[in-house]
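Source: prediction; values computed, not measured.
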Amino acid sequence: MPKIIDHEARRASVIAAARRLIIAGGLEAATMRAIAAEVGNANGALKHYFASKEAIVSGVFEAVLAEVTSQTEAVTTGEDPVDRLRAYVATSLPLTPQSIREARVLLAMWELSLSDEGLARRYEQHLSSWRATLARYFADVEGCGRLAPGVDVPVVLDEVIATVVGASTVSLMTPPGSMIARYRGVLDHWLATWTVPAPDATGTRGGR
């Protein structure tokens with residue numbers, strides 16, 4: 001009988017192999033030959049599943065986004081809107097060894113986006129979705145009366161996105177993990193600036 005091939009499983013294995021190579025050595029390490037060797041296929045066999053290296057990197061990017069979404073949903077289910085906002089921003093910052101390693105995937109994607117219009121549009125969509133989701137968390141904080149006076153939310157959204165992108169890059173350029181404590185400090189500073197304490201039982205807001 002002809003061997004039945006699970007194409008989706010093969011595609012997933014190719015994406016996982018490329019992801020490991022990118023994390024270990026950057027985009028240059030993820031050649032078609034290296035990916036094929038990592039997954040245990042002949043170089044030409046990859047063409048059955050992906051038309052190009054760019055398509056594979058795009059698949060890696062989508063896999064990382066799916067993981068981030070899953071992780072975010074897992075940590076942003078509490079009742080306190082301020083806690084949910086903190087958790088959401090924390091999942092974006094490079095605060096764990098894994099998130100720092102995954103930043104290599106973003107760097108690879110940015111590099112390819114310079115010459116791949118489709119990938120550039122996909123990243124633009126990601127940024128728009130990220131900004132809209134972050135805005136919803138701020139709206140929840142404002143809705144419960146916890147947004148600090150004078151906070152310009154649209155400006156803050158741009159600040160967070162720009163800082164996270166820069167922090168991901170810096171984390172790859174410095175000794176592994178050396179920036180984690182400092183970025184946790186940035187997160188603490190942001191929350192202290194953006195929010196006010198919840199009122200106590202008498203209706204008086206607690207001190208900081």
Side-chain angles (χ1 to χ4, degrees), residues 1-77 87-130 133 161 164-177 179-180 183:
M1 292 180 59
K3 185 177 180 180
I4 298 175
I5 298 175
D6 186 335
H7 286 271
E8 286 306 311
R10 288 292 180 87
R11 285 175 58 87
S13 67
V14 172
I15 288 172
R19 181 174 175 173
R20 290 193 297 271
L21 289 168
I22 291 171
I23 290 173
L27 184 60
E28 295 77 9
T31 64
M32 293 294 275
R33 185 181 299 278
I35 295 170
E38 180 76 9
V39 83
N41 283 342
N43 192 11
L46 297 185
K47 295 292 186 180
H48 295 298
Y49 310 107
F50 293 94
S52 64
K53 175 179 173 177
E54 288 76 12
I56 296 174
V57 174
S58 180
V60 172
F61 179 54
E62 294 294 345
V64 170
L65 288 187
E67 277 191 14
V68 169
T69 299
S70 176
Q71 293 166 0
T72 300
E73 291 173 351
V75 300
T76 56
T77 56
Y88 183 72
V89 177
T91 61
S92 303
L93 284 165
L95 299 180
T96 66
Q98 179 64 21
S99 64
I100 293 170
R101 290 192 295 270
E102 295 290 7
R104 281 190 176 273
V105 176
L106 288 176
L107 286 180
M109 191 278 308
W110 293 333
E111 183 176 343
L112 281 181
S113 293
L114 296 176
S115 57
D116 187 319
E117 185 175 337
L119 198 56
R121 283 198 303 270
R122 180 63 188 90
Y123 187 63
E124 184 178 2
Q125 292 168 0
H126 166 61
L127 287 179
S128 296
S129 175
W130 179 10
T133 302
I161 292 172
V164 168
V165 171
S168 297
T169 304
V170 171
S171 290
L172 291 174
M173 301 297 109
T174 52
M179 299 298 294
I180 290 177
Y183 289 144

What distance separates Tyr183 OH from Ser92 OG, expressed to the nearest 0.5 Å? 14.0 Å
Do Leu46 and Val39 have side chains that get closer than 4.5 Å, going by heavy atoms? yes
Would you say Ser171's side chain and Ala167's backbone share a donor-acceptor pair under 3.5 angstrom? yes
Quick one: does Leu27's side chain get under 4.5 Å of Leu107's, heavy atoms only? no
What's the shortest heavy-atom distance between Lys53 and Ala30, and which atoms? CE-O, 3.0 Å
Just verifying a value: how many Å separate Ile161 CD1 and Trp130 CH2, rounded to the nearest 0.5 Å? 5.5 Å
Nearest heavy-atom neighbours spanning Ala29 and Ala34: O-CB, 3.4 Å
May I ask you to test the Trp110-Thr169 pair for a side-chain heavy-atom distance under 4.5 Å? yes
Roughly how far, to the nearest 0.5 Å, is the CD1 atom of Ile35 from the CZ atom of Phe50? 9.0 Å
Does some side-chain heavy atom of Leu21 sit less than 4.5 Å from a side-chain heavy atom of Glu38? yes
Which distance, rounded to the nearest 0.5 Å, do you find between the CD1 of Ile180 and the CG of Leu93? 11.0 Å
Can you name the closest pair of heavy atoms from Ile15 and Val60 and give their distance? O-CG2, 3.5 Å
Would you please test Glu62 and Arg122 for side chain to side chain contact (heavy atoms under 4.5 Å, CB included) and show each step? CA-CA 9 Å; Glu62 294 294 345; Arg122 180 63 188 90; 2.5 Å; yes
Please tell me if the side chains of Arg101 and Pro97 come closer than 4.5 Å, counting only heavy atoms from C-beta onward. yes
For Arg104 and Ile22 the tightest heavy-atom approach is CD-O, 3.2 Å
Heavy-atom distance under 4.5 Å between the side chains of Phe61 and Leu112, does that happen here? no
Side chains of Ile100 and Met179: closer than 4.5 Å at any heavy-atom pair? no
Is it the case that the side chain of Ser58 and the backbone of Ala55 share a donor-acceptor pair, with hydrogens and angles ignored and the cut-off at 3.5 Å? no
How about CD on Glu124, more than 12 heavy atoms from neighbouring residues, nucleotides or ligands closer than 6.0 Å, or not? no
How far does CD of Gln98 sit from CD of Glu67, to the nearest 0.5 angstrom? 7.0 Å
Nearest heavy-atom approach of Leu95 to Ala90 is CD1-O, 3.8 Å
Look up atom CG in Leu114 and atom CG in Asp116, then write down how far apart they are to the nearest 0.5 Å. 10.0 Å
Donor-acceptor contact below 3.5 Å, side chain Ser129 vs main chain Gln125: no
A side-chain contact here means heavy atoms from C-beta on lying under 4.5 Å apart; do Met32 and Ile56 qualify? yes
